[in-house]
Amino acid sequence: MNGTGPALLAVSDLHVAFAENREVVRRMRPASPEDWLLVAGDVAERFADVRWALQTLRPRFAEVVWVPGNHELWTPRDDPVRLRGERRYRHLVALCRSLGVHTPEDEYPLWTGPGGPATVVPLFLGYDYSFLPDGAHTAEEALELARRAGVSCTDELLLHPDPYPSRSAWCAARMEYTRRRLDTLDPSCPVVFVNHYPLHREPTLWLANPEFAPWCGTTRTADWHVRHRTAAVVHGHLHIPRSARIDGVRFEEVSLGYPSQWRPRGGAPRPRVILPA
């Protein structure tokens, strides 16, 4: 897909429950047997569909790295896997490990191909409603503005934070856990952050409905791309594929999205080349 030799590729928001998206995944192949694939969440909602997609992709790429999106963490009524919250996440991690897919719970892999070396840092952080739209000063006000605008997020019904009292509390716990791990990184080696949500508020300014921003990340990561020697930040969730620079650092939104979104753009996006830049 890159035509220039080994590459670090990234894609997110595969949503393989859609037949057209499933066909895109069936056709997704590397240009080099040494290519890696970063999968930045929202593979599917049902556990069996996540398994199908990762089983399909893993044999094709030298390495596959996965992070959860909000959709993987839902507990849909039609999913035989009834696990919720942390237990569901751990079940997904166990699936990935059985397939040889890297997760946020594993040792961070080192990309040594073109553009490297770079430490690939898969993240699971969640969100805490701190991306406030204009006119809101608190999370409560943000949610009320969203309600008035007719904007909602299915997470409120299907993404359970068990055993944490709230999604914000779960985010806080994940932040603390991740910070401790980041402190052990070699500061001389660049990192590629992979998270479902953007680490900075700026990409959410492109949302058609800005009231959706509270479900899109946390302000606690706003300086991570400058605090660490960052080669790129990979994310999805927004379904707005674009490349941006924030403080000189590349932010790559790599969503496939729903068929109704990618068809008007001229077809399904291909996995984005992250390295070499």
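Keep in mind that this is a model prediction, so the values were computed, not measured. Hydrogens, waters and symmetry mates play no part in the numbers below; they use all other heavy atoms, side chains included.
- Formation of a donor-acceptor pair under 3.5 Å by the Arg242 side chain with backbone atoms of Glu253 is not found in this model.
- With sequence neighbours excluded, the residues that form a side-chain contact (heavy atoms from CB on, under 4.5 Å) with Ala232 are Arg250, Ile274.
- The CH2 atom of Trp262 sits 7.0 Å away from atom CG of Leu256, with the distance rounded to the nearest 0.5 Å.
- Rounding to the nearest 0.5 Å gives a distance of 8.5 Å between CH2 of Trp206 and CD1 of Ile240.
- Placement of Phe212 and Phe131 in two distinct hydrophobic clusters is found when ILVMFWY residues are connected by side-chain heavy-atom separations under 4.5 Å, directly or transitively.
- Atom CD of Glu156 has more than 12 neighbouring heavy atoms from other residues, nucleotides or ligands inside a 6.0 Å radius.
- Enclosure of atom CG in Asp134 is not indicated, since only 12 or fewer non-hydrogen atoms of other residues, nucleotides or ligands lie within 6.0 angstrom.
- Leu145 belongs to no hydrophobic cluster, as no Ile, Leu, Val, Met, Phe, Trp or Tyr side chain comes under 4.5 Å of its own.
- Of all heavy-atom pairs spanning Val16 and Asn21, the tightest one is CA-CB, 4.3 Å.
- Using a 4.5 Å cut-off between side-chain heavy atoms of Ile, Leu, Val, Met, Phe, Trp and Tyr, with links allowed through other members, Val194 and Val273 fall into different hydrophobic clusters.
- The aromatic rings of Trp170 and Tyr164 sit parallel to each other, their planes meeting at less than 30°, with 60° as the upper class boundary.
- In this structure, Arg82 has no salt bridge (Lys or Arg N to Asp or Glu O under 4.0 Å) partners at least two apart in sequence or on a different chain.
- Using a cutoff of 4.0 Å between basic side-chain nitrogens and carboxylate oxygens, Glu105 and Arg90 are scored as salt-bridged.
- For Arg201 (side chain) and Leu132 (main-chain N/O), a donor-acceptor pair under 3.5 Å exists by modelled atom type.
- Criterion: ILVMFWY side-chain heavy atoms under 4.5 Å apart, direct or through other members. Under it, Leu157 and Trp74 are part of a common hydrophobic cluster.
- Between the side chains of Asn70 and Tyr127, no donor-acceptor pair of N or O atoms lies under 3.5 Å.
- Its side chain within the 4.5 Å cluster rule, Leu182 clusters with Tyr108, Val121, Leu123, Leu125, Met175, Leu185, Val191, Phe193, Leu199, Trp224, Val233, Ile246, Val249, Phe251 among the Ile, Leu, Val, Met, Phe, Trp and Tyr residues.
- Residue pairs that meet the side chain to side chain donor-acceptor pair (under 3.5 Å) test with at least one member in residues 53-67, sequence neighbours left out, are Glu63-His102, Trp66-Glu72.
- Of all heavy-atom pairs between Trp111 and Pro6, the closest is CH2-C, 4.1 Å.
- For the atom pair Ser12 OG and Tyr197 OH, the distance stands at 11.5 Å (nearest 0.5 Å).
- With rounding to the nearest 0.5 angstrom, the CZ atom of Phe61 is 13.5 Å from the CD atom of Glu34.
- Crowding of Arg265 atom CZ: a count of heavy atoms from other residues, nucleotides or ligands under 6.0 Å exceeding 12.
- Here Arg87 pairs with nothing under the salt bridge (Lys or Arg N to Asp or Glu O under 4.0 Å) rule; sequence neighbours left out.
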(request) Would you sort out whether Arg220 and Asp128 count as a salt bridge (charged side-chain N to carboxylate O under 4.0 Å, His left out), showing the intermediate values? (result) CA-CA 9 Å; Arg220 298 180 187 184; Asp128 59 6; 3.5 Å; yes

